[in-house]
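Reviewing the structure listed below.
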Amino acid sequence: MSEKVTATTYWIGYKTIVIKEVNRILRIWAQTLIPPVITMSLYFVIFGAIIGRRVGEMGGMPYMDFIVPGLIMLSVITNSYGNITSSFFGAKFGRHVEELLVSPLPPWIILAGYVSGAVFRALAVGVLVWLVAGVFSGFHMHNAVVTFSVLLLTAVVFSLAGFINAIYAQKFDDISIIPTFVLQPLTYLGGVFFSVSLLPGIAQQLALANPIVYMVNAFRYGLLGVTDVALWVTYLMMVGFAVTLFFICMTLLTRGVGLRS
Amino acid sequence: MNALEVRQLRKTYKNGVEALKGVDLDVAEGDFFALLGPNGAGKSTLIGIISSLVNASSGETRVFGTSVQKQRSQAMAEIGLVPQEVNFNQFEKPFDIVVNQAGYYGVPRALARERAERYLNQLGLWDKAFKMSRTLSGGMKRRLLIARAMVHHPRLLILDEPTAGVDIEIRRSMWRFIEEINAAGTTVILTTHYLEEAENLCKNIAIIDQGRIVEDTSVKALLSKLDVETFVLDLREPVDALPVIDGIELVQMDATTLEASIPKSRSLNRLFRQLEESGMEVVSMRNKANRLEELFVRMVNLDGENAA
């Protein structure tokens, strides 16, 4: 006799997707957790320790301290986005997404499971990079609630965005286009290495149109207590992005775009 | 209650291909049902719609009274699907694949582990349970698909070409397993190209061709329509010429082998008598082909000619 579908079915289904995703991330830790830590360590050594000494202060603090929040956010953004695109597109490509599509699980549970997996990886990488940063600049924590909530919201927003990318992707090239041509430039120009207040008039206005500037600055406030932008704007924007992207994901999943013929 | 009810099901793909043209079908609870049809007939589309992998253009599908289109989650809980192509993650272990699939149906993890062990054992895969599934042979992968489909104890098991490319010994062990499941009360729907499987295993049968059901009856009733049977006769000595026997068609295959097509109304004694009178001694005899296969080819060809 098959099981009756209840809230417990959905809860167990959700946990199963998360366990599967977390196991995948841990199983291939050399691909998922270590590379960003090595890359960020190099950033800390080159930009922070070597070049940073010559730069002096940025935003009223040592340059090394200034770049730490941005580099953690850079890791969180690329890993949340990259995890969900590779995992969900891989499931589509290998057709094992059909295991979920023929199951009783509704679209929002499938989405929640994959997003949770991506958030786990983003936070794990974020914590590892934060630990490495601590070696170079010491451990700072101005406001733990802001730090954690910004980290979480950023990971959720970029996981949802990555999910949309994975749904539309037809080949592996399609999941590298957005990270290379959109995310990377926006992140590098998003106040990771410099304070937007240093930019001249029009460039500063343009920089403020970049949502990553807000996320990096809010996170910098959480760790160091300094920011170029208002916190409430950042929260409003991130919640707005998360809700909008969630509904886009739900619409695509419910219609079966790229999944059901 | 029927395990499956399909009403006026239509599917037209975006490229304009009309795969299903108003299919009606009922499968009774507990049945072992064969769904046959040539390639491109609409079988996979029909199974895809039943299992919610394909969206129907119109019509309705009910699984144990629950609409796939309106109450998808509940309907899917009743179905176990063995797809035509291997679709599990080949970088996962068979045990994990089966346990995770159980989880998607709300089976608690401890129970899922017990069931995974039981089904992998029953299907002869336990010694491979913790190896990477990409290292399994083709037959093992097919059996893993069955274990995965059964782990949530579906009331309706759909097998889409489950034994394609599987050697005869493994195929037979798979069928014993499926027969036991059916005997325990699970309704089974099977598509296969090995028509002797359908003839030997299934109680009822539907033939689909060009998006329409062209036959929907019991296997017994269908076979009763076969009015001519073909036998292969092996002779002791080579023959040069064949006797002409009224109502029986004889064809020489090689020096010592004949094929005899005989209407069911005719006696075989007459055939043997005539051959004996012509100095031929028959040393062995067998059915040329599976009877269902002959009917299938005839029905599908007839339908194709009518459509043309």
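Naming: A, B, ... by sequence-line order, numbering from 1 per chain.
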Subject >> Among A149(B), G48(B), S51(B), S52(B), residue most engaged with chain A (heavy-atom pairs, under 4.5 Å) >> reply: S52(B)
**OP:** Nearest 0.5 Å please: distance from the NZ atom of K93(B) over to the CG atom of N23(A).
**Re:** 9.0 Å
**OP:** Please flag which part of Y14(A) lies under 4.5 Å from any non-hydrogen atom of chain B: side chain, backbone, both or neither.
**Re:** neither
Original post:
Out of curiosity, L101(A) CG to R72(B) CZ, how far, rounded to the nearest 0.5 Å?
Top reply: 7.5 Å
**OP:** Hey, could you give me the OG/CG distance between S103(A) and N100(B), rounded to the nearest 0.5 Å?
**Re:** 11.5 Å
Subject >> Smallest separation among heavy atoms of R255(A) and N55(B), with atom names >> reply: O-ND2, 3.6 Å
**OP:** Please state whether the side chain, the backbone, both or neither of L53(B) comes within less than 4.5 Å of a heavy atom of chain A.
**Re:** both
Original post:
Under the side-chain contact (heavy atoms from CB on, under 4.5 Å) criterion, do E92(B) and H96(A) qualify, and how do the steps go?
Top reply: CA-CA 11 Å; E92(B) 285 180 3; H96(A) 44 273; 5.8 Å; no
Subject >> Over all atoms of both residues, closest heavy-atom pair of P104(A) and S73(B) >> reply: O-OG, 2.6 Å
**OP:** Grab the two heavy atoms, one from E98(A) and one from N87(B), that are nearest each other, plus how far apart they are.
**Re:** OE1-ND2, 2.9 Å
Subject >> Residues I12(A), R109(B); criterion side-chain contact (heavy atoms from CB on, under 4.5 Å); working and verdict >> reply: CA-CA 8 Å; I12(A) 294 173; R109(B) 208 144 182 96; over 6 Å; no
Original post:
Between V5(A) and Q74(B), which heavy-atom pair has the shortest distance, and what is it?
Top reply: N-OE1, 3.2 Å
Original post:
Considering all heavy atoms of both residues, which atom of L81(B) and which atom of V102(A) are nearest to each other, and what is their separation?
Top reply: CD2-CG1, 3.9 Å
Original post:
Does any heavy atom of chain A fall under 4.5 Å from the side chain of E85(B), the backbone, both, or neither of them?
Top reply: side chain
Subject >> Portion of Y13(B) that has a non-hydrogen atom of chain A nearer than 4.5 angstrom >> reply: side chain
Original post:
What residue, out of I109(A), T6(A), I19(A), has the most heavy-atom pairs lying under 4.5 Å from chain B?
Top reply: I19(A)
Original post:
Side chains of K20(A) and D96(B): does their closest heavy-atom pair fall under 4.5 Å?
Top reply: no
Original post:
Is E99(A) close to I97(B) at the side-chain level, that is, under 4.5 Å between some pair of heavy atoms?
Top reply: yes
**OP:** Give a yes or no on this: more than 12 heavy atoms of other residues, nucleotides or ligands lie within 6.0 Å of atom CZ of F93(A).
**Re:** no
Subject >> Engaged part of L156(B) at the chain A interface, taking heavy atoms whose separation is under 4.5 Å >> reply: neither
Subject >> Residue pair Y104(B) / L105(A): nearest heavy atoms and the distance that separates them >> reply: O-CG, 3.4 Å
Subject >> Which portion of K14(B) sits near chain A, non-hydrogen atoms under 4.5 angstrom >> reply: neither
